[in-house]
Each structure stands twice: as C-alpha cells, then as structure tokens.
Amino acid sequence: MKRRRKKRSKPQKPRKTLTSPAIVSPRIAKYYLQRHTLFSKYDAGVQLDEEGWFSVTPEPIAARHASLAADNSLVIDCFSGVGGNAIQFASSRCHVIAIEIDAKRVELAVNNANIYGVEDYIDFVIGDFFQLAPRLKGDIAFLAPPWGGPSYSKVLNFTLDMLKPKHGYSIFQAAQSITPNIIMFLPRNMDLNEVEELSWLSSPPLNLKMEENQVKTRTKGITAYFGDTASALPEDS
Ligand code: MGP
C-alpha cells in the first residue's frame with residue numbers, strides 16, 4: 001500500500017487590516033469608496049471598525065458643526081465613535097470630552113486623533129453617556145447617536161424612537177442636563193416635527209434651527225442646532 005505524502009501546510013498570509021480594500025465587507029464597501037470624504041487624512045493610517053465605517057460623520061459636515069463652536073468651548077461628544085466629530089471640534093480650538101462605550105473604538109479614535117495632531121485637546125472617556133451625563137457640564141453637547149445601521153434609510157419617516165441606544169427624547173434629555181446648547185446629527189429621513197418637539201421640552205422652548213448637510217450634492221443627514229448653537233448659525237441657513 002502506497003503511503004500518502006503529507007501535504008505541506010501553506011505559508012500563512014499576513015493578516016490584513018480593515019484599511020486594506022480586500023477585507024472591506026460588502027456591507028461597507030460603499031463607505032470605503034468615500035474614505036477620503038470621511039477622513040481627508042485616511043491614507044496617513046486612519047482606522048475604523050465596521051460601525052465606524054457607516055456611522056462616522058463625513059469630515060466636511062463635522063467641520064461645519066465645529067465651525068459653529070466658539071473658540072475654547074468645552075464640547076461633550078456624547079457618542080464619539082471613531083472620533084470624526086471630536087477631531088474636528090479639537091481642530092477648531094475647542095476642548096473635547098469624547099465619550100464612547102466601546103473600548104476598542106476608543107483606541108481607534110485615539111489613533112485617529114494622533115494622526116490629526118489634536119490628541120492633546122481631547123479627553124477620551126470609556127463609559128456610558130447616560131451614567132456620565134448627570135455629572136457633566138459643558139458649553140456644547142454634541143449628539144450623533146447610532147441610527148440603527150445602514151437600514152435606517154429604508155423607512156419613509158425616521159422617528160426618534162428608532163435612535164439607539166434609547167429613545168431620542170431620553171438621549172436629548174440626558175444632553176440637556178449638560179447644557180441647553182445641543183447639536184444633534186440626524187438621518188435625512190427624520191421626522192422634523194419630532195425634532196421641533198424636542199425644543200419644547202424646555203420652558204421657554206429652546207431656540208432651534210435645522211440644516212440639511214450635503215457632500216458632493218448628496219444629502220447625508222440633517223443637523224438640529226438648539227440654544228446658543230442655533231444663534232451661531234448665519235441668518236440665511
Ligand atoms: P448612508 O445613507 O448609509 O450612506 O450614510 P450613503 O452612501 O451616504 O447613502 P446612499 O444614498 O448612497 O445609500 C450616510 C451618512 O449618514 C454616513 O456617512 C454617516 O455620516 C451617517 N450615518 C449613517 N448611519 C447608519 C449612521 C448612524 O448609525 N449613526 C450616525 N451618527 N450617523 C450615521
């Protein structure tokens with residue numbers, strides 16, 4: 001009887017990181033194509049996880065949000081993810097407390113802040129926003145909470161109860177304990193009547209302005225500015 005030769009094991013290929021196009025899953029391939037809009041310094045080593053790919057605020061929109069903060073503002077970025085908004089606020093002469101519940105995502109955000117050279121202006125906190133909020137004060141609370149993944153766009157009318165990890169009213173109320181000056185980045189299919197109702201949670205109602213945010217003529221989301229952040233918007237917006 002012939003003895004079979006033992007197959008040689010193939011040499012292991014080096015593991016690819018998420019920055020390599022080959023490993024980008026079909027779910028996030030379209031966001032990978034937008035990588036330089038998400039982070040202009042992407043090629044310098046910016047890192048994202050799957051959720052980061054589809055939920056980070058495109059850099060021109062994050063820069064727009066940051067441009068409305070006065071110099072030296074203390075900004076609480078309540079769901080900071082991989083750091084897109086925190087980096088832009090820090091680049092705009094603000095100090096940022098960046099809260100994120102996922103420790104691995106905080107590592108990515110620290111890496112990304114280093115690439116932009118703004119790590120000294122951001123305090124990264126691993127924690128639950130709802131637990132931390134009652135102990136925090138700031139000039140601006142920035143809210144870009146999870147919208148429930150890319151399928152958010154399938155509904156005609158996105159409502160506040162679809163936000164994660166809690167109902168949008170609860171998220172907004174927690175932010176209000178920090179400051180009435182709130183910037184909230186919301187889906188383009190958001191029910192705007194519900195956003196208006198948020199301003200009535202305060203007495204007297206908070207000043208509110210909303211704007212549509214586009215990148216290369218495609219609408220990516222809607223920003224609601226409450227309190228002093230609404231007054232900071234130019235009149236024609
Ligand atoms: P999109 O609508 O999923 O993709 O996300 P795209 O390619 O713009 O639209 P399409 O018409 O080609 O399908 C658009 C933008 O919305 C993203 O770049 C994010 O800034 C934002 N976004 C999307 N999601 C699912 C989230 C989310 O869960 N949370 C937050 N904060 N932003 C999100």
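Note that the structure is predicted; figures quoted are calculated from it, not measured. Counting starts at 1 for both ligands and their atoms, following the listed order.
Contact residues for ligand 1 (protein heavy atom closer than 4.0 angstrom to any ligand atom): Lys30, Tyr31, Gln34, Phe54, Ser55, Val56, Thr57, Pro58, Ala144, Pro145, Pro146, Trp147, Gly149, Pro150, Tyr152, Phe185, Arg188, Arg218, Lys220.
Glu50 and Arg27 are joined by a salt bridge, as a carboxylate oxygen and a charged side-chain nitrogen come within less than 4.0 angstrom of each other.
For Tyr225, there are no ring pair (Phe, Tyr, Trp, His ring centres under 6.0 Å) partners two or more places apart in sequence or in a different chain. Scored by the ring pair (Phe, Tyr, Trp, His ring centres under 6.0 Å) test, Phe39 finds no partners at all (sequence neighbours excluded). Evaluation of the ring pair (Phe, Tyr, Trp, His ring centres under 6.0 Å) rule for Phe130 yields no partner, not counting sequence neighbours.
Each of Leu108, Leu38, Val46, Val106 was evaluated against Val82; a single residue qualifies, Leu108, per the side-chain contact (heavy atoms from CB on, under 4.5 Å) test.
If you look at Trp147 and Phe54, their ring centroids are not closer than 6.0 Å.
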